[in-house]
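Report on the structure given below.
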Amino acid sequence: MATVTTQASAAVFRPCSSKARFLTGSSAKLNREVSLKALPSTSSPASFKVEAKKGEWLPGLASPGYLNGSLPGDNGFDPLGLAEDPENLKWYVQAELVNSRWAMLGVTGMLLPEVFTKIGIINAPTWFDAGKAEYFASSSTLFVIEFILFHYVEIRRWQDIKNPGSVNQDPIFKQYSLPPNEVGYPGGIFNPLNFAPTVEAKEKELANGRLAMLAFLGMVVQYNVTGKGPFDNLLQHLSDPWHNTIVQTLRGY
């Protein structure tokens, strides 16, 4: 929320007492319209308050009826109507959550090894060359191992979505189990810092996860255009910000 004060030809933005939470999540449910409220002011002929409202991913476009703002991160975005079925919506909520988490891990794994290699801490291949490196097993063996492990985990996650709490106990080591939890937020060993799954925390996680998914796509496109990693591209841009930009890159592509 911000207060906009107009005086002569200048416009000044001042923060109000309530904290702005754009992209970082908000525990409050906001309406879907923009409201302007007049504020008393002795120093300005025109003073009004602009409140940013949640719920419309595109201003002026009404949200679908099944996206009523009750879900964390719900901004009414479903142009293809994929989540109209309540069962599909339940699945898409969990699918976005897990893909957001993988994207955050993936972008970190793509960026940090390149940064640490550049500054001399480690010697690791860039993300696009990681598959060419030598590991303890062949790439086909690693693929089979990963396929089996991921299959096992995803099947159990799907069972938890269908019947919450049904897979809280380890099937082999039965002395290990998770406390009762909300689907998608298992807690226990998966929450070592004991963060509370509040609405604000959920929205922050989704905002960062969505940004990470876009960042992952951007890094893939960036490599296909420039043949370099993200940190290399950043250093190249910083070395000559006026001439090493996306405009020059696209011109030479």
Side-chain angles (χ1 to χ4, degrees), residues 22-25 57-59 72-73 75-80 82-83 91-155 157-158 184 190 193 201-253:
F22 180 68
L23 286 184
T24 59
W57 69 274
L58 184 65
N75 292 308
F77 180 78
D78 188 20
L80 301 180
L82 299 176
W91 165 251
Y92 285 129
V93 166
Q94 296 303 316
E96 182 183 36
L97 183 60
V98 74
N99 279 282
S100 293
R101 290 168 177 170
W102 277 120
M104 287 187 281
L105 286 172
V107 167
T108 302
M110 294 165 76
L111 181 61
L112 290 187
E114 183 182 356
V115 174
F116 290 154
T117 298
K118 287 290 182 184
I119 61 180
I121 296 179
I122 61 175
N123 183 21
T126 51
W127 69 267
F128 47 84
D129 285 330
K132 303 174 185 177
E134 294 292 331
Y135 299 99
F136 64 90
S138 65
S139 57
S140 57
T141 302
L142 291 174
F143 174 79
V144 171
I145 293 173
E146 289 179 5
F147 180 83
I148 294 173
L149 292 177
F150 271 79
H151 178 75
Y152 173 75
V153 171
E154 286 298 296
I155 288 295
R157 193 171 68 85
W158 173 239
F190 298 102
L193 299 180
K202 292 176 182 177
E203 294 208 346
K204 286 181 178 180
E205 181 183 33
L206 281 172
N208 283 285
R210 290 165 178 171
L211 182 61
M213 287 188 278
L214 288 174
F216 174 81
L217 178 61
M219 289 180 182
V220 172
V221 173
Q222 190 176 38
Y223 165 69
N224 280 276
V225 173
T226 67
K228 299 179 180 179
F231 192 60
D232 249 346
N233 284 132
L234 177 62
L235 294 179
Q236 183 181 3
H237 170 68
L238 294 177
S239 67
D240 189 0
W242 295 105
H243 298 97
N244 293 328
T245 68
I246 189 173
V247 175
Q248 282 77 19
T249 300
L250 293 178
R251 281 179 180 172
Y253 181 62

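The side-chain heavy atoms of Asn208 and Ser100, taken from C-beta on, include no pair separated by under 4.5 Å. In this structure, the side chains of Val153 and Leu149 stay at 4.5 Å or more apart for every pair of heavy atoms. In this structure, the side chains of Pro230 and Met110 stay at 4.5 Å or more apart for every pair of heavy atoms. At least one side-chain heavy atom of Leu97 sits under 4.5 Å from a side-chain heavy atom of Glu205.
Applying the side chain to side chain contact (heavy atoms under 4.5 Å, CB included) test to Leu235 and every residue at least two apart in sequence or in another chain returns Phe231. Residues satisfying the side chain to side chain contact (heavy atoms under 4.5 Å, CB included) criterion with Leu214, sequence neighbours excluded, are absent altogether. For Phe143, the side chain to side chain contact (heavy atoms under 4.5 Å, CB included) test picks out no residue, with sequence neighbours left out. Residues meeting the side chain to side chain contact (heavy atoms under 4.5 Å, CB included) test with Tyr223, sequence neighbours left out: Trp127, Phe128. Taking the ring-ring contact (aromatic ring centres under 6.0 Å, His included) definition, one finds that Phe150 meets it with Trp102, sequence neighbours left out. Residues meeting the salt bridge (Lys or Arg N to Asp or Glu O under 4.0 Å) test with Asp129, sequence neighbours left out: Lys132.
Note that the OG1 atom of Thr117 and the CG atom of Asn123 stand 6.0 Å from one another [nearest 0.5 Å]. Note that the CG atom of Asn99 and the CE atom of Met104 stand 11.0 Å from one another [nearest 0.5 Å]. Residue Leu206 holds its CG atom at 8.5 Å from CZ of Arg101, rounded to the nearest 0.5 Å. Of the inter-residue distances, the one linking Leu111 atom CG with Phe116 atom CZ reads 9.0 Å to the nearest 0.5 angstrom.
In plain terms, the two heavy atoms of Ala215 and Val107 that are nearest each other are CB-CG2, 4.1 Å. Taking every heavy atom of both residues into account, Ala103 and Gly209 meet most closely at CB-O, 4.3 Å. Closest non-hydrogen pair, Leu82 versus Tyr92, comes out as O-CE1, 3.3 Å. Taking every heavy atom of both residues into account, Ser239 and Asn244 meet most closely at OG-ND2, 3.5 Å.
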Show your reasoning for whether side chain to side chain contact (heavy atoms under 4.5 Å, CB included) applies to His237 and Ile246.
-> CA-CA 9 Å; His237 170 68; Ile246 189 173; over 6 Å; no
With side chain to side chain contact (heavy atoms under 4.5 Å, CB included) as the test, would you mind laying out the steps for Ile148 and Val144 before giving the verdict?
-> CA-CA 6 Å; Ile148 294 173; Val144 171; 4.0 Å; yes
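With a 6.0 Å radius and a threshold of 12 heavy atoms from other residues, nucleotides or ligands, Phe147 has its CZ atom at or below the threshold.
Distance alone, capped at 3.5 Å, is enough to place a donor-acceptor pair between the Glu114 side chain and the Asp232 backbone. Remark: the backbone N or O of Gly73 is paired with a side-chain donor or acceptor of Arg210 at under 3.5 angstrom.
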